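Taking it in order: structure first as structure tokens, then the write-up.
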Amino acid sequence: MSLEVKVPAVGESITEVTIAQWLKKDGERVEMDEVIAELESDKATFELPAEAAGILHIVAQEGDTIEVGAVICRIDQDGEAAAIPAAPAAKASQPAASQPAAAPASGAGEAVEMKVPTVGESITEVTIANWLKKDGDHVEMDEVIAELESDKATFELPAEAAGTLQIVAQQGDTIEIGATICRITPGGGAPQANAQAAAKQAASDRQVAAAQPAAATSGAQTYASGTPSPAAGKILAEKGMSPADVQGSGRDGRITKEDAQHAQARPAAQPAAAPSPKQEATAQAEAPAATGDRNQRREKMSSLRKTVARRLVQVKNETAMLTTFNEVDMKPIMDIRAKYKDKFKEKHEVGLGFMSFFTKACTVALQEWPAVNAQIDGNDMIFNDFCDVSIAVSSPKGLVVPVIRNAEQLTLDGIEKEVIRLAKKARDGKLSIEEMTGGTFTITNGGVFGSMMSTPIINAPQSAILGMHNIVQRPVAINGQVEIRPMMYLALSYDHRIIDGRESVSFLVRVKELLEDPMRLLLGV
């Protein structure tokens with residue numbers, strides 16, 4: 001009996017996934033709940049477990065983008081392990097199918113297929129950021145063999161068994177949750193024998209691939225045709241070669257690391273005839289030679305960057321976004337910090353920064369102007385009686401926005417501790433999906449990079465975002481006298497569909513009042 005395996009629903013907003021990697025090959029035997037593939041969405045990577053034991057028949061190929069609920073593979077529950085040798089070539093001749101199984105003959109046992117694990121409800125696909133072990137290497141149980149990246153965070157992939165590693169999905173590939181990413185052939189005491197078995201398997205795979213009509217030779221081009229893997233791209237850049245000069249031998253014509261290593265630069269074309277001195281002088285006058293290095297490099301966008309780009313354009317196109325500005329005299333807060341920062345740190349073991357004052361002021365203003373803390377859901381408006389404040393943090397992988405839950409209930413030291421905790425996890429790439437979803441309002445601080453003024457983009461589905469900027473000593477009028485004060489521009493971008501001008505301006509004025517007179521935060525006035 002054949003069982004159809006479909007792409008599972010992994011989140012309310014996820015409608016499609018990409019097959020990042022098959023961890024089991026077509027025709028191989030799989031066990032119940034064994035991870036057979038890795039699936040990648042715009043949020044994270046997931047593993048696809050086998051729903052039954054039997055022989056795997058792959059329907060969607062690596063790199064394909066398929067909808068949730070679509071058939072990704074079939075499992076022949078009546079299939080036996082002896083069918084494995086004939087599986088890679090579905091249309092193989094009958095004599096080939098009658099040959100004895102060679103793969104299990106080594107005595108190493110059945111290969112363990114590793115699939116992309118489920119890492120979050122809304123994550124349907126991931127990208128293979130880095131392989132920490134090479135194809136054919138011996139790995140130990142629970143040893144980290146790869147790093148997987150979603151649009152939210154980076155995850156480590158531990159080995160599920162000890163043995164020889166057989167990589168299925170390459171570095172840089174985007175695969176769906178549950179898709180096969182690699183196989184591990186058991187045989188802890190004989191890594192050399194396992195490596196030989198892996199080499200034979202790789203050679204067999206290459207023969208099968210050569211027998212099939214390749215996309216490059218048939219004229220059918222795919223997204224992978226002529227595209228180098230990350231490792232191959234680096235090698236070609238070091239050689240000063242273009243991917244167009246290399247013939248890819250990987251799947252769908254992808255340029256592999258071996259292709260790049262063996263590639264030779266094309267010899268310079270011999271001139272047909274030497275130009276005359278007059279022609280050389282004319283050519284130099286018309287097109288002066290460029291001086292200096294003029295190298296270029298091309299990098300594939302990460303899942304995080306692609307998702308951020310798509311959502312920013314979506315917000316610009318689907319919201320009526322406006323920005324209102326104001327300025328804040330930071331002297332009162334700076335005086336408080338200068339006076340109490342040592343005692344504050346001694347008692348709470350955390351520094352007293354500006355972010356705690358701004359977060360606290362925003363929570364007070366959000367409760368007074370609830371529309372700024374609301375969001376649109378279809379034809380409904382959702383108002384929140386809590387303040388989950390998102391804090392924009394710049395990480396090595398890009399901009400992430402972790403959330404401080406119920407910020408209205410936290411004290412200044414509680415906010416500071418939470419900001420430090422989330423920022424550290426963001427820099428280390430350890431933020432979870434739950435820590436980056438569900439915010440009701442966002443604060444971003446471009447001032448740390450020297451920004452004087454900006455118009456921040458709303459963090460959908462929220463309706464407003466507050467932008468902080470750098471503090472500049474400027475002359476201002478105080479009680480009829482000109483004084484030099486540390487001033488900061490504030491910008492509130494908001495969705496005019498749900499927030500009116502009166503509410504947005506009043507909200508920002510309220511934040512200004514609380515910051516310029518911090519005693520209001522303590523007295524609640």
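It should be emphasised that the depicted structure is a prediction, and the values quoted were computed from it without experimental measurement.
- Ionic pairing of Lys133 and Glu143 is present here: one or more N-O contacts between side-chain nitrogen and carboxylate oxygen are shorter than 4.0 angstrom.
- Inspection of the Ser463 and Gln375 side chains reveals no N or O donor paired with an N or O acceptor under 3.5 Å.
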In sequence, state the C-alpha distance, the side-chain angles, and the governing distance for Trp131 and Ile145, and then conclude on side-chain contact (heavy atoms from CB on, under 4.5 Å). CA-CA 6 Å; Trp131 277 106; Ile145 59 176; 4.2 Å; yes
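- Contact record, Val68 with Pro8: CG1-O, 3.6 Å, taken as the closest heavy-atom pair.
- Side chain of Asn445 to backbone of Gly447: a donor-acceptor contact under 3.5 angstrom is found.
- Side chain of Thr359 to main chain of Ser356: no donor-acceptor pair is present (N/O by atom type, distance under 3.5 Å, no hydrogens or angles).
- Glu147 is not listed as a side-chain neighbour of Leu157, based on a closest heavy-atom distance of 4.5 Å or more.
- The backbone N or O of Lys134 lies less than 3.5 Å from a partner atom in the side chain of Asp137, making a donor-acceptor pair.
- Rounding to the nearest 0.5 Å places CG of Asp259 at 9.0 Å from CG of Leu236.
- With a 4.5 Å cut-off on side-chain heavy atoms, Asn130 and Gln171 count as touching.
- Under the 3.5 Å distance criterion, the side-chain polar atoms of Thr440 are left unmatched by any main-chain donor or acceptor of Cys387.
- In this structure, the side chain of His348 does not engage the main chain of Asp413 through any donor-acceptor pair within 3.5 Å.
- The line from CZ of Arg29 to CD1 of Ile75 is 10.0 Å long, rounded to the nearest 0.5 Å.
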Would you please test Ile457 and Ile465 for side-chain contact (heavy atoms from CB on, under 4.5 Å) and show each step? CA-CA 7 Å; Ile457 296 181; Ile465 179 173; over 6 Å; no
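- Counting heavy atoms from C-beta on, the side chains of Asp135 and Gln166 come closer than 4.5 Å.
- Counting only heavy atoms from C-beta outward, the side chains of Met355 and Glu418 never approach each other to under 4.5 Å.
- Summarising the geometry of Val59 relative to Cys73, their closest heavy-atom pair is CG2-CA, 3.7 Å, with the distance given to 0.1 Å.
- For the atom pair CD1 (Ile184) and CD (Glu140), the distance works out to 10.0 Å, reported to the nearest 0.5 Å.
- Here the side chain of Ser493 pairs a donor or acceptor atom with the backbone of Pro456 at under 3.5 angstrom.
- Here the CZ atom belonging to Arg74 is positioned 10.5 Å from the CG atom belonging to Leu3, to the nearest 0.5 angstrom.
- Using modelled atom types and a 3.5 Å distance limit, the side chains of Glu16 and Thr65 yield no donor-acceptor pair.
- Between Gly27 and Ile55 the shortest heavy-atom distance is O-CG2, 3.4 Å.
- Annotation: side chain of Ile66 is in contact with side chain of Ile72 (closest heavy-atom distance under 4.5 Å).
- Of the charged side-chain nitrogens involved, none lies within less than 4.0 Å of a carboxylate oxygen, so that Arg405 and Glu435 do not count as a salt-bridged pair.
- Here CZ of Arg311 is found 13.5 Å from NZ of Lys306. Values are rounded to the nearest 0.5 Å.
- With hydrogens and angles left out, the side-chain atoms of Ser2 and Gln77 include no donor and acceptor closer than 3.5 Å.
- Residues Val5 and Val71 fail the side-chain proximity criterion, which asks for heavy atoms closer than 4.5 Å.
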Kindly determine whether Val7 and Glu67 satisfy side-chain contact (heavy atoms from CB on, under 4.5 Å), including the steps that lead there. CA-CA 7 Å; Val7 179; Glu67 296 181 354; over 6 Å; no
Report the C-alpha distance between Ile443 and Met468 in whole Å, list the side-chain angles of each, state the deciding distance to 0.1 Å, and finish with yes or no for side-chain contact (heavy atoms from CB on, under 4.5 Å). CA-CA 8 Å; Ile443 300 177; Met468 302 166 54; 3.8 Å; yes
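- In terms of heavy-atom proximity, Met301 sits nearest to Ala309 at CE-CB, 4.3 Å.
- Taking 4.0 Å as the cut-off between side-chain N and carboxylate O, Glu318 and Lys316 do not count as a salt-bridged pair.
- Other residues, nucleotides and ligands place more than 12 heavy atoms under 6.0 Å from the NZ atom of Lys425.
- Between Val401 and Ile391, every side-chain heavy-atom pair lies at or beyond the 4.5 Å cut-off.
- Between the side chain of Gln462 and the backbone N or O of Thr442, at least one donor-acceptor pair lies under 3.5 Å.
- Here the side chains of Ile404 and Leu422 are in contact, with some heavy-atom distance below 4.5 Å.
- Listed here is the closest heavy atom pair of Gly439 and Ser390: CA-OG, 3.5 Å.
- In terms of modelled atom types and a separation under 3.5 Å, the side chain of Asp26 and the main chain of Ile58 share a donor-acceptor contact.
- Once rounded to the nearest 0.5 Å, the distance linking CG of Asp173 with CD of Gln170 reads 6.5 Å.
- Panel note: side chain Asn317, backbone Val313; a donor-acceptor pair is recorded below 3.5 Å.
- Heavy atoms only, all atoms of each residue included: Gly63 and Thr18 are closest at O-CG2, 3.8 Å.
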